[in-house]
Structures are given as C-alpha cells and as structure tokens.
There are 2 protein chains.
Amino acid sequence: MDLATLRSFLKIVEHGTFTRAAVACGVSQPALSQQVAKLEAELGTPLFERQGRRLKLTETGERLRERAEQIVALVDDTARELADDGRTGRLAVAAIPTIAPYFLPGPLKAFREQHPEVRLELHELTTEALLKALRQGDVDLGVLALPVDGRYLEFEPLFEESLLLVVPAGHRLARGGPVRLDRLRAEPFVLLDEAHCLSGQIRSFCERRQFHPLETGRSTQLATVQEMVALGHGLSFVPEMARRLDTSDQRVYVPIAGEAPRRTIGVGWNPYRYQSRLARAFREQLRSAARPDEPSRSR
Amino acid sequence: MDLATLRSFLKIVEHGTFTRAAVACGVSQPALSQQVAKLEAELGTPLFERQGRRLKLTETGERLRERAEQIVALVDDTARELADDGRTGRLAVAAIPTIAPYFLPGPLKAFREQHPEVRLELHELTTEALLKALRQGDVDLGVLALPVDGRYLEFEPLFEESLLLVVPAGHRLARGGPVRLDRLRAEPFVLLDEAHCLSGQIRSFCERRQFHPLETGRSTQLATVQEMVALGHGLSFVPEMARRLDTSDQRVYVPIAGEAPRRTIGVGWNPYRYQSRLARAFREQLRSAARPDEPSRSR
DNA sequence: ACATTGGATAAGAATACGTTATGGATCTAG
DNA sequence: CTAGATCCATAACGTATTCTTATCCAATGT
C-alpha cells in the first residue's frame, strides 16, 4: 500500500471513473487499472463493484476511502508543516462573490507586501462550495457571511455591516436621509441572483418586515446590479462595502430607517488541517482590515 | 514522500545509525542514505545532524518522526482493518512472566480451538517492556498486574488473587492453617528477582506489615523459586495461580493470616491502534477464564 | 444493430530503486 | 600518534517496478 496508489484510488472515487481520474492524475488509464488491481490483490478483496460500466465502491472500498483520506491529509499536512518557513509557499484563500472584490483587495495587498514570495491563490466560490473546499482542504481560509453550517470547521467573526438602499442619482429618495420601507412599495427592484447568500439575507429581511419588493430584474453580479440601478432599471439593496468601492456619481446610497438589515462577515478554516504560518498571518491581516478604528486602505 | 521511505526513516531513528537500520530493514546501507537524501531534498531541510559519526535528529527531523509514526500507524491499522475477517491473521499477546505460564494456557487453548487459522504470538515481557510494546503497537494485548502507569493505554481488570506462603512438605508450618507473619521472622526466604513486578508487590506488602524477610537467595523464575523451596532453601511468597499448576507433593501452600496480600490481574491494550476482531475475541476469552463461577480449565 | 464509453490485458519503454564497490571522515585502541 | 574500525556518502551499474501504447471486450444507449 503506497501513497501514490492511495491518491489514485481517491481520485477514482472522486471522479467516478478510472478514465476521468486518469486525466486528473495526469497518467494513462491502464496505470490506474494496474494500481487498483495490485491494491486489491494486496488486500485480498475487491474495492470496486464493476457492474458493467457502473462503478461502485464495495464495503471494503468505502472503509478504505475514509482511511485513505485521513492518511493523505496527514501526509500532506506533514509535508506542509515541515516545509513551512512562514515566508515561501502557497496560500489558498476563498471568498464569496459579494465580499471578494470589496473587502479582500486591502488585506491581499498588505499581505503581498509582507510576503512577496508567496504563491497566493484567490478563489471566488458560493458559500456552499466554499465550505466544501474548506472541508476538503482545497483552500486554507474562506471569507464569508456568518452564520453557516459549520460542521468540522471553525469560524471567527470579523465585522458587521449594514445593507443600504441604492437609488439612481436624482431619484426622489436620493435626498432626505433614512428611508422607510413602506415608501418603497411602488418601486421596481433589481435583485441579486438566488445563488448568492446575500440574496437570501435580503429576502428574509424583507419578509420579516412584510415588505415584498416589486422585482423587475435579477443579476448574478453585484456590479451589474449597481449599473442597472444607475440606468434606472430599479432600486436595490447592497452591502455597505459595495458603496465604498463605488466612485460613480450616478448612484446614491441611502440608509434604511428602523432596524437596519445587517450581515456578519467572518473567516473560516479547517481545524483538522495544518494551519500554516501564512494562513495565520493572513487571518491577522483580515482582522486588522476589519478593525474600523484603524482601517487598512480598502482600495 | 512515500511510505517505504518514512518507514526507513523511523528505523534509522530507532536504531541510531544507518548501518544498523539497514540490517533491520533488510536492505543495504546506501539504499537508506539515498532515501534520506531524497527525502531531505524534497523537504528542503536536513533531517539529521551528521556531526562526525554522531547522528542526531534536527528539529525538522524530530517533527517528522512524530508525524511519520502517526502515518505509519494509520496505514498499518488500515491494512489490518481491511484484512480483518475475524478468522485469519496474526494476534500478538504479551504477559509478564509471573502470569504467563499460569493463567494464559487456558485462554490460549480455548482461543486456538475457536480460531485455528490464526498465527498466535506470545511474548513474555516485564511490565515496563510490555507497556512499551503496547504503546508501539508491537503487541495487541498485554496481561499484567494492575495498577500500572497506563498513559495512552487502556486496561480492564480481570480478577484478583491472593499471595500464599509456600513451605516445603513436612515443614512445621505446613499444617495448622493460616500463618501470622511474626512467626516467620527466623525463617530464610527465597525471593523473586527484582525485575519482576511481583517482587515489588511482595516487598511493599512486607514493609506495610513491618516484616523484613531473612533473604537467603533470589531467582529470576517463579518455577525455580518453587524448586528451591522444595529443596529446603527457604520459604517464599507466590501467587495463588502458581499453586494451581503445582502437582508436586513436596510443597505446601499456606494462606497468610490477617489481611492477605493480593494482586489484581488485568489486560491492557492501545486504544489508539486498531483493535482486531481477534484481539477482541481473545479479550473475551480472558474474561471468561477469569470468571470464578465458570472457570476455564486452567490446565 | 451499431457506435460509444469505459475497463482490462499484453508487450515494450522509461524510470526509479537497490546493489556493489569505494572513498573519506571520525572515533578508538594499542 | 598511528592503525584499524566504524559509519555515511557517492558513483556506476543492473534489475525491478511502473508507466505507456496498442488492442480487446463488455455494456450501454440511440
């Protein structure tokens, strides 16, 4: 039982077929067939049920999968721990799309200055995909909106922010301070796609207040929403951090009267995986960017 | 980083030199040199400090040692778990010398009848060596006298037994029932070597009672002690289980008056290692042999 | 029925790994 | 202090393993 074989086995399980796994491993398909055949001979039991071209794990195969995942994780963590000089290496950070462009540039810039030799990876993922990536050890840190289903993960809240109403410049609500929701019943709204967790947060906020926005369009990107608002397609709700990046004079951001809708931004990681010095340093960077008293330039 | 290399690395650490480790691994010395060189290149740091012929682990090497032990243990346990059919395989049992020949034959015989295909290993070890073997995963189960320093291990008491006074047949104390210690002050004693934990138990019992036996000889084996007693060299204290095996009429076993000295026999195992079905079955066998109501023939 | 997809097998090729031979450094003993 | 012994590193070479290419066979689906 050697490590390369275990890795191959896991890839096969992950991809469902030998052929696709072979591509993922960068080897030929027969190589995997041979590795698995050897492993099965070694264990004395088959690992897959080959019913035609349906590939299914046997009971033994399922048990091996669990153990192999532990083994590979332990080996990879060991390699990372021993190679960890706090200066070079790789750091994979993920964030949800409604945070990434607004909050991360500051910390990323500061981190890069402090750690110029690091290969920094940034992944934009939905909350669900981000949690999966954290659990699988594909990324070191994830920045997202709390709370989430955090089994096997740890989280640290960074800061809270309000949601704002955004209206086109010159709109009747553009002046006059905080707006009450009941003044918006006739207004058309451009909302964010449901794939974003922010969209769900806005929806539940509106439902709590018995407000049902008149939907006139959806977009998958916050930036697009902002452009649509400027073009007069409707109003929208956006997080505070999106305002800070908005240099256009065609949009005006107005606070909402009463108890403002808020979201909590936090950082998550996998406590069962090795936390590199780089990861800890980046978390510190996130913390200091989150402190309102001493804000990192959120350019 | 492959498994064979990690195993070699651990062997080198264990044996202190490449050369001896090579013998233990059954390969040539240059093979290990090359493996380590490759591993060091891979990690980017040396693992050993070669100061002359003194071989010392670097800090990184020390960290790798810990991790490598975990990895190898996990891999070995996985292989054992998957190969575990509850019928075939290997089972390594250890016991201290003052228990092994007296208590184990019964359970061993019963187990062998139920599991004829198992390769059964029995190791006779001192308490200290036994605990080390359990911690290292060299043996699956250990039978010994409780309590012991059981860090990282688990134990289950099986039964208690008394210590008896053994005297030669025809001795003045051979008849007349329980003997008070103060009647033994003038008697010479043949004691067990201090390497045995039983010897320490007897010593502390005597000290509690302010009894200082007149020592006239020491032996490393309980069987030898018994023979010496028969030959009139002196008296001795032996555990109850040693009496049951004694078919000679040259020795008489006499209980000690007052609070009798007792020892607890138990079985220990390593909860961090995979407990095979065979190991669990043997533990069950030990339990039923320990039950006084339904004693397995302690042949 | 026939094309397509996916895995097994066989034979040759590349690579990795272990062996033997040997050298150099260090510690020990006479 | 020198001779010998011990021990690790290196180089050259042979072998063994493992991958690749080519091909086949079985199953699935249109």
Side-chain angles (χ1 to χ4, degrees), chain A residues 1-62 64-65 68 71-72 75-76 78-79, chain B residues 1-62 64-65 68 71-72 75 79:
Chain A
M1 205 160 45
D2 81 317
L3 278 175
T5 307
L6 291 183
R7 286 183 203 278
S8 301
F9 169 73
L10 288 178
K11 281 272 182 227
I12 295 167
V13 175
E14 184 188 344
H15 289 87
T17 80
F18 281 55
T19 310
R20 278 203 295 275
V23 176
C25 294
V27 296
S28 65
Q29 168 264 313
L32 295 192
S33 284
Q34 290 167 27
Q35 284 183 3
V36 170
K38 199 181 162 201
L39 189 57
E40 288 177 328
E42 199 179 317
L43 298 175
T45 4
L47 296 169
F48 294 100
E49 281 173 36
R50 283 93 159 172
Q51 354 175 329
R53 67 211 260 187
R54 266 277 162 280
L55 202 62
K56 209 171 134 266
L57 278 175
T58 61
E59 202 196 321
T60 307
E62 185 56 46
L64 179 61
R65 191 180 63 80
I71 292 166
V72 167
V75 169
D76 289 347
T78 299
Chain B
M1 204 160 45
D2 82 316
L3 278 175
T5 307
L6 291 183
R7 286 183 203 277
S8 302
F9 170 72
L10 288 178
K11 281 272 182 227
I12 295 167
V13 175
E14 185 188 342
H15 288 87
T17 81
F18 281 55
T19 309
R20 278 203 294 274
V23 176
C25 294
V27 296
S28 64
Q29 168 265 313
L32 296 191
S33 283
Q34 289 170 41
Q35 285 182 3
V36 170
K38 199 181 161 200
L39 189 57
E40 288 177 328
E42 199 179 316
L43 298 174
T45 5
L47 296 168
F48 295 99
E49 281 173 37
R50 283 93 159 169
Q51 2 174 328
R53 67 210 259 187
R54 266 279 163 278
L55 204 62
K56 208 171 136 267
L57 278 175
T58 61
E59 203 196 320
T60 307
E62 186 55 46
L64 179 62
R65 190 181 63 81
I71 292 166
V72 167
V75 170

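Lettering follows sequence order; numbering is per chain, from 1. Everything numeric in this text was worked out from a predicted model, so none of it was measured.
- Taking atom CG of B/Leu39 as the reference point, atom P of D/dA9 lies 13 Å away to the nearest angstrom.
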**OP:** Classify every nucleotide of nucleotides 18-30 of chain D by which part a protein heavy atom approaches to under 4.0 Å, writing B for the base, S for the sugar-phosphate alone and - for neither, in 5'-to-3' order.
**Re:** SBBBB----BB--

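- Separating the NE2 atom of B/His15 from the C1' atom of D/dC8 is a distance of 17 Å, rounded to the nearest angstrom.
- A donor atom on one side chain and an acceptor atom on the other are found under 3.5 Å apart for B/Ser8 and B/Gln35.
- Atom CD of A/Glu59 has 12 or fewer neighbouring heavy atoms from other residues, nucleotides or ligands inside a 6.0 Å radius.
- In this entry the distance linking CG of B/Leu55 with P of C/dA25 reads 18 Å, nearest Å.
- Between D/dC8 and B/Thr19, a contact under 4.0 Å exists linking OP1 or OP2 to a side-chain N or O.
- Going from atom CG of A/Leu6 over to atom CD1 of A/Ile71 covers 5.5 Å, rounded to the nearest 0.5 Å.
- At a threshold of 4.0 Å, the pair A/Glu40-A/Arg50 counts as salt-bridged, since one of the basic side-chain nitrogens sits closer than that to a carboxylate oxygen.
- Taken residue by residue, residues 42-50 of chain A places no heavy atom nearer than 4.0 Å to DNA chain D.
- The shortest side-chain heavy-atom distance between B/Leu39 and B/Leu47 falls under the 4.5 Å cut-off.
- For D/dT6, the OP1/OP2 oxygens have no side-chain nitrogen or oxygen of B/Thr17 closer than 4.0 Å.
- Mapping B/Ala37 and B/Arg20 onto DNA chain D by nearest heavy atom places B/Arg20 at the nucleotide closer to the 5' end.
- For A/Arg7 and A/Asp76, the salt-bridge test passes: some basic side-chain N is under 4.0 Å from an acidic carboxylate O.
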Anything under 3.5 Å between a donor and an acceptor, one on a side chain of residues 12-29 of chain B, the other on a protein residue two or more places apart or in another chain? List them.
from    : atom 1 : to      : atom 2 : distance (Å)
B/His15 : ND1    : B/Lys11 : O      : 3.0
B/Thr17 : OG1    : B/Thr19 : N      : 3.4
B/Thr17 : OG1    : B/Arg20 : N      : 2.9
B/Arg20 : NE     : B/His15 : O      : 3.4
B/Arg20 : NH2    : B/His15 : O      : 3.0
B/Gln29 : NE2    : B/Ser33 : OG     : 2.9

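- Within 6.0 Å of CZ on B/Arg54 lie no more than 12 heavy atoms contributed by other residues, nucleotides or ligands.
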